[in-house]
Amino acid sequence: MSLRICFVTPFAWSQPHEVNGHVEGAAEALRRRGHSVTILAPSTRARDLLAGRRALQRGADAEIIAVGPSIPISRRSHLGVPVGVRANLRLALARGHFDVVHGFEPGLPSLSYLALTATDALTAATFFSPDRLSYPPRRSRRDRLRARVDALLATSPETAAAAAERFEGDYALVSLGVDAGLFRPATKTRTIALELEHSGRPATRAVVRLLRDLPGWDLVLLHTKPLGFRPAIPRSLRRRVHVRAVRRREQRAATLGAAAIFVPAPEGEERLTLEAAACGAAVVESLSADEVAAEVERLARDASLRERAAARARTEAESQSFDRVADELDALYRRLARKRRDRHGPRAEDPLSDREWMVVDLHMHTDWSHDCSVPVADLLEHAEQIGLGGIAVTDHNAFGGAMEAVELARPRDLVVIPGEEVKTDGQGEVIGLFLEQEIPRGLSFADTVAAIREQGGLVYLPHPFDRMHAIPDPATLHRHLAEIDVLEVFNARLLRDSFNDEALRFARKYRLLQGAGSDAHVLQGVGTGAVRMRRFEGAEEFLLSLRSAEILRRPKSLAYLQSLKWVAQVKEKVR
């Protein structure tokens with residue numbers, strides 16, 4: 001099965017970066033497996049931006065698309081992605097028709113975060129560094145990201161532990177990846193390669209001093225960033241000490257291929273160390289300066305020890321090749337694809353196509369709810385007067401109103417679905433439709449769902465992203481995804497439209513059946529949210545009818561409806 005995959009990186013594609021190295025290598029390996037991979041990234045190069053605009057005009061069919069100029073990002077910056085870049089990102093995601101969108105380092109305020117929260121595709125997120133986990137600062141936005149991400153990955157146990165504190169979930173470890181074909185052992189020379197970083201200054205000085213006692217050995221100082229410092233080199237050693245920029249892959253492969261020993265900096269680039277190992281260099285662990293010098297001397301004087309260390313390093317690096325990374329990602333994406341439900345059949349194949357259409361409000365309350373004073377008989381009368389063909393009576397933690405409504409509706413042409421809106425033990429509310437008896441409040445989310453299914457009822461999840469009230473956390477939502485029969489994508493009483501929009505994206509992403517309701521607590525609110533669907537009988541036909549249904553949005557002023565509810569509650573108390 002070939003997939004359309006989108007990688008989104010927050011770092012400028014025009015500049016070398018270890019995250020971009022991972023993205024590029026994994027993309028190439030996945031393409032060799034037959035997948036289509038498009039990389040979305042910012043860039044500082046004019047030719048990249050021009051090519052990106054052309055690709056978007058053609059339909060986002062390119063291997064790399066620069067969606068706009070890069071902006072400085074850090075853990076202390078705020079989300080300041082320009083409007084034009086956001087628009088290009090949305091356009092690329094829409095026109096790409098991707099099966100999977102994979103964002104890298106989404107803990108930064110950047111394109112990755114925006115892509116993961118905007119797409120309707122299946123999603124994965126990879127975290128690289130514990131130092132890039134400051135965004136988003138608000139818990140609600142972190143929960144929004146977590147609810148949208150289907151798979152969490154990290155490149156080290158330390159990063160996974162740090163990420164889990166902000167984005168709860170199970171993390172899979174993935175290697176940084178290395179191109180084992182490009183980075184391979186060459187003819188070795190008596191050369192020590194040392195990563196030049198501020199954090200490794202003591203070790204650098206110690207190795208420079210050691211060089212006096214290692215005749216015939218040269219020292220190459222490697223820097224992957226603009227040179228921050230340059231150690232003092234004694235005049236007698238200047239011909240044996242060289243400084244090399246290794247920002248690009250070809251530069252690093254040429255230098256590391258010939259190096260016999262590699263000394264990483266304590267806070268250096270992890271990728272450089274992995275590439276040195278792939279090139280068959282004996283890698284010195286980051287220790288104190290004196291210990292580093294002692295280990296370098298041992299390796300330099302003992303060829304057999306050096307060769308054994310180099311062989312171990314090469315074997316370990318080969319196990320982290322991009323081909324292995326691609327195998328892991330390929331298996332991950334296929335598991336995610338199974339999580340998504342099959343598309344609903346076309347309307348022409350609708351087994352209820354000969355039935356008449358009717359409008360059904362799937363969420364409302366009667367005076368059996370603690371916060372509603374509408375008698376059941378008045379509700380039925382009003383529903384028929386405004387042209388509804390069906391209603392679902394879903395009182396808070398009570399089933400008596402639904403039973404009464406079913407009985408009173410028998411001589412009417414109005415379809416009544418008996419239901420209950422059940423409060424769980426801290427994971428929001430769950431509505432059971434087509435119930436036969438009351439379900440107690442306070443059960444766990446899982447037990448509430450099980451109680452609904454034991455009765456042959458349907459699990460209808462109301463206002464799943466209304467953060468003004470208790471809702472299921474992302475982990476619970478994903479854990480019970482397969483058990484949700486209908487997701488409410490429009491609730492007429494929500495304070496913010498964005499809560500409904502988020503539910504609609506979630507339903508589209510997983511191809512869940514969509515529902516809508518007024519959540520009415522006063523008669524004036526009935527029918528403000530509803531579904532136009534084929535007439536049905538029973539739960540099975542109800543689900544079949546929803547496959548070809550249309551969501552109807554008829555909102556009224558929330559302040560007006562809420563004021564009517566408060567007035568009714570006051571009158572009820574006075575009585």
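All heavy atoms count here, side chains included; hydrogens, waters and symmetry mates do not. Since the structure is predicted, the reported quantities are computational estimates derived from the model, not experimental observations.
Here the side chains of Arg132 and Val19 are in contact, with some heavy-atom distance below 4.5 Å. The closest side-chain heavy-atom distance from Asn491 to Asp466 is not below 4.5 Å. Counting heavy atoms from C-beta on, the side chains of Asp143 and Asp473 never come closer than 4.5 Å. Between Asp519 and Leu494, the closest side-chain pair of non-hydrogen atoms is not below 4.5 Å. Counting heavy atoms from C-beta on, the side chains of His521 and His396 come closer than 4.5 Å. In this structure, Leu93 and Arg90 have side chains that are not in contact, with every pair of non-hydrogen atoms separated by 4.5 Å or more. Side-chain contact check for Leu40 versus Leu111: every heavy-atom pair is 4.5 Å or farther apart. Taking the side chain as every heavy atom from C-beta outward, Asp367 and Cys372 never approach each other to under 4.5 Å.
Among residues two or more places apart in sequence or in another chain, the salt bridge (charged side-chain N to carboxylate O under 4.0 Å, His left out) test is passed with Glu158 by none. When the side chain to side chain donor-acceptor pair (under 3.5 Å) test is applied to Glu404, the partners found at least two apart in sequence or on another chain are Trp368. Among residues two or more places apart in sequence or in another chain, the side chain to side chain donor-acceptor pair (under 3.5 Å) test is passed with Asp330 by His35, Arg334. Arg410 meets the salt bridge (charged side-chain N to carboxylate O under 4.0 Å, His left out) test with Glu407; sequence neighbours excluded. Not a single salt bridge (charged side-chain N to carboxylate O under 4.0 Å, His left out) links Glu537 to another residue, sequence neighbours left out. Scored by the salt bridge (charged side-chain N to carboxylate O under 4.0 Å, His left out) test, Arg505 finds no partners at all (sequence neighbours excluded). Qualifying side chain to side chain donor-acceptor pair (under 3.5 Å) partners for Ser369, counting only residues two or more places apart in sequence or in other chains: His365, Asp395. Phe499 pairs by the ring-ring contact (aromatic ring centres under 6.0 Å, His included) definition with nothing, not counting sequence neighbours. By the ring-ring contact (aromatic ring centres under 6.0 Å, His included) test, Phe104 pairs with Phe7, His22, His102, sequence neighbours left out.
Taking a cutoff of 4.0 Å between a charged side-chain nitrogen and a carboxylate oxygen, Glu168 and Arg142 do not qualify as a salt bridge. Between Arg496 and Asp501 no salt bridge is recorded (no basic side-chain N to carboxylate O distance below 4.0 Å).
A distance-only check finds no donor-acceptor pair linking the side chain of Arg355 to the backbone of Ser545 [under 3.5 Å]. Within the 3.5 Å criterion, the main-chain N or O of Gly419 finds no donor-acceptor partner in the side chain of Thr394. Checked by atom type and distance alone, the side chain of Asp361 never pairs as donor or acceptor with a backbone atom of Ala530 at under 3.5 Å. In this structure, Gln455 contributes its side chain and Leu435 its backbone to no donor-acceptor pair below 3.5 Å. Between the side chain of Arg535 and the backbone N or O of Met358, no donor-acceptor pair lies under 3.5 Å. The backbone N or O of His463 sits less than 3.5 Å from a side-chain atom of Glu488, completing a donor-acceptor pair. The backbone N or O of Arg4 lies less than 3.5 Å from a partner atom in the side chain of Asp99, making a donor-acceptor pair. The main-chain N or O of Ser548 is never found under 3.5 Å from a side-chain atom of Arg534 such that the two would form a donor-acceptor pair.
In this structure, Met403 places its CE atom where only 12 or fewer heavy-atom neighbours from other residues, nucleotides or ligands lie under 6.0 Å away.
When every heavy atom of Ser112 is checked against every heavy atom of Pro10, the shortest pair comes out as OG-CD, 3.3 Å.
Sorted by first then second residue, the salt bridge (charged side-chain N to carboxylate O under 4.0 Å, His left out) pairs that include residues 421-431, not counting sequence neighbours, number zero. Sorted by first and then second residue, the salt bridge (charged side-chain N to carboxylate O under 4.0 Å, His left out) pairs with a member in residues 113-128 form an empty list; sequence neighbours excluded. Residue pairs that meet the ring pair (Phe, Tyr, Trp, His ring centres under 6.0 Å) test with at least one member in residues 410-456, sequence neighbours left out, are Phe434-Phe542, Phe445-His480.
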